[in-house]
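One structure below.
Reckoned from all heavy atoms, side chains included, excluding hydrogens, waters and symmetry mates. First listed ligand is number 1; within each ligand, the first listed atom is number 1.
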Amino acid sequence: MTAKKPQIVIVADAAAVAEAAARRLLNRISHGNRAAVCLTGGSSPLGLYHLLASDPWRNQVPWDRVHWFVGDDRFVPESGPLSNMGTAKRIFLDRVPAPPQNIHPIPTDADSPDDAARLYEDELKRFYGAERLEPRRPMFDMVLMGLAPDGHVASLFPHSPALKEKERWVLGVAKAGMEPFVPRVTLTLPALAATGEMLFLIDNANRRPIFKRVLAGEDLPAHRAYAQGDLVWLAIRAAAPEQ
Ligand code: 6PG
């Protein structure tokens with residue numbers, strides 16, 4: 001786990017979460033020849049996705065240089081409403097000048113979640129240019145994360161053996177621990193950690209109890225998440241436990 005203390009950033013409401021996330025994202029992707037962002041599922045990134053598709057944010061993203069991955073997906077067709085990458089595409093990636101080769105969905109048309117995981121791991125390794133993750137060379141500039149009511153992150157559910165995975169970058173998940181109960185494909189904790197910034201988005205007051213448990217150090221997937229770079233919790237005031 002990281003030695004660095006997580007930063008907690010509290011803002012007024014869901015609109016402010018989206019704005020602050022957009023600012024942080026732009027800051028992370030504005031330098032260098034190439035940038036990589038790992039998207040998340042759920043409802044918490046949707047405000048950010050809408051901002052990225054609209055001005056002034058849309059004009060500020062260096063679309064040619066940014067590559068878009070996803071931290072987990074449901075093993076369903078991309079055209080359906082449950083697909084995390086499908087949702088990101090419909091809300092912003094299909095509406096902006098992002099080159100198609102910069103968009104890296106988990107291949108949910110593979111024969112099985114395990115096959116999709118192997119294919120995605122190969123794709124990540126090709127992109128990263130090495131077979132092993134190097135501690136001081138993050139794969140991503142930013143990894144977005146949501147906090148589920150049961151404390152799961154990506155598709156790493158409480159008590160899952162996948163939480164202990166150290167070698168693999170991507171795994172198939174035959175049984176989801178929460179709705180929707182469809183098989184999943186997920187990045188592992190070390191792969192998600194390979195980032196300059198891991199940004200958790202909490203834009204709903206109903207996440208206050210689980211956020212409190214995570215910050216108190218309970219052994220939940222969200223507490224196990226770590227980052228090579230900064231780990232930031234961006235939350236609305238109504239979800240912050242100190243209230
Ligand atoms: C998924 C997600 C999942 C999500 C959390 C939080 O595919 O189900 O990636 O891990 O991020 O459930 O969801 P909300 O953003 O809706 O709170």
Side-chain angles (χ1 to χ4, degrees), residues 11 13-18 20-22 25 37-52 68-78 80-92 104-108 113 116-117 120 140 142-160 162-163 170-189 191-193 195 198-214 220-227 231-236 238-240:
V11 296
D13 53 21
V17 166
L25 182 72
V37 177
C38 185
L39 301 170
T40 184
S43 56
S44 56
L46 302 183
L48 167 65
Y49 292 175
H50 282 289
L51 287 188
L52 293 175
W68 305 90
F69 295 85
V70 66
D72 75 314
D73 218 327
R74 292 86 182 262
F75 196 67
V76 295
E78 202 179 274
L82 294 182
S83 165
N84 290 341
M85 188 53 112
T87 301
K89 283 189 176 178
R90 287 186 286 280
I91 300 182
F92 82 104
H104 305 264
I106 290 172
T108 55
Y120 206 50
F140 303 116
M142 179 169 271
V143 168
L144 297 170
M145 294 276 244
L147 173 62
D150 65 348
H152 84 257
V153 290
S155 285
L156 296 164
F157 295 94
H159 314 299
S160 161
L163 289 165
V170 190
L171 290 175
V173 178
K175 272 186 118 170
M178 219 185 98
E179 281 180 335
F181 293 106
V182 291
R184 317 279 189 102
V185 180
T186 187
L187 267 63
T188 57
L189 290 176
L192 292 164
T195 182
M198 177 179 284
L199 181 63
F200 276 90
L201 305 174
I202 305 184
D203 68 348
N204 193 320
N206 67 11
R207 296 301 144 91
R208 188 165 178 250
I210 189 67
F211 190 26
K212 188 173 179 183
R213 288 169 60 195
V214 173
L220 292 160
H223 179 68
R224 289 188 181 216
Y226 63 103
L231 175 58
V232 182
W233 290 89
L234 173 59
I236 55 166

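- Here the heavy atom of the protein found nearest to atom 13 (O) of ligand 1 is G42 CA, 3.7 Å.
- Within the 4.0 Å heavy-atom criterion, the part of L147 lying near ligand 1 is the backbone and not the side chain.
- Within the listing of ligand 1, atoms 3 (C), 10 (O), 12 (O) sit less than 4.0 angstrom from a heavy atom of H152.
- Screening T108, D73, I106 against M85 for a side chain to side chain contact (heavy atoms under 4.5 Å, CB included) leaves a single residue, D73.
- Taking the six-membered ring where tryptophan is involved, the planes of F200 and W233 are essentially parallel, since the angle between them stays under 30° and well short of 60°.
- From the protein, the heavy atom lying nearest to atom 8 (O) of ligand 1 is R74 NH2, 2.9 Å.
- Between M145 and ligand 1 there is no heavy-atom distance shorter than 4.0 Å.
- The protein non-hydrogen atom at the shortest distance from atom 9 (O) of ligand 1 is D72 OD1, 2.6 Å.
- Considering both main-chain and side-chain atoms, M178 never comes within under 3.5 Å of ligand 1 through any nitrogen or oxygen pair.
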Evaluate the criterion side-chain contact (heavy atoms from CB on, under 4.5 Å) for residue pair S155 and V185; output intermediate values, then yes/no. CA-CA 7 Å; S155 285; V185 180; over 6 Å; no

Apply ring-ring contact (aromatic ring centres under 6.0 Å, His included) to residues F140 and W68 and explain how you reach the verdict. CA-CA 9 Å; F140 303 116; W68 305 90; over 10 Å; no

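- Judged by distance alone, with hydrogens and angles left aside, the side-chain atoms of R208 form a donor-acceptor pair with the main-chain N or O of A240 at under 3.5 Å.
- Applying side chain to side chain contact (heavy atoms under 4.5 Å, CB included) to L220 and the options L163, I210, V153, L147 leaves one that passes, I210.
- Short contacts between ligand 1 and N84, defined as distances under 4.0 Å to a heavy atom of the residue, involve ligand atoms 1 (C), 7 (O), 9 (O).
- At the top of the distance list for atom 4 (C) of ligand 1, counting protein heavy atoms only, stands G41 O, 4.0 Å.
- Side-chain contact check for V17 versus I202: every heavy-atom pair is 4.5 Å or farther apart.
- Neither side chain, T186 nor D72, offers a donor N or O lying under 3.5 Å from an acceptor on the other.
- Ligand-side atoms of ligand 1 in range of R184: 1 (C), 7 (O), 8 (O), range being under 4.0 angstrom from any heavy atom.
- Those atoms of ligand 1 with a heavy atom of T40 less than 4.0 angstrom away are 9 (O), 11 (O).
- Nearest non-hydrogen protein atom to atom 17 (O) of ligand 1 is R207 NH1, 2.3 Å.
- Residues passing the salt bridge (charged side-chain N to carboxylate O under 4.0 Å, His left out) test with R213, sequence neighbours excluded: E218.
- Proximity of A154 to ligand 1, defined as any heavy-atom pair under 4.0 Å, is confined to the backbone N, CA, C and O atoms.
- For the pair N204 (side chain) and R207 (backbone), a donor-acceptor distance under 3.5 Å is absent.
- The protein atom (non-hydrogen) at minimum distance from atom 5 (C) of ligand 1 is A148 CB, 3.8 Å.
- Counting only non-hydrogen atoms, the option in P45, S83, G146, S43 that gets closest to atom 16 (O) of ligand 1 is S43.
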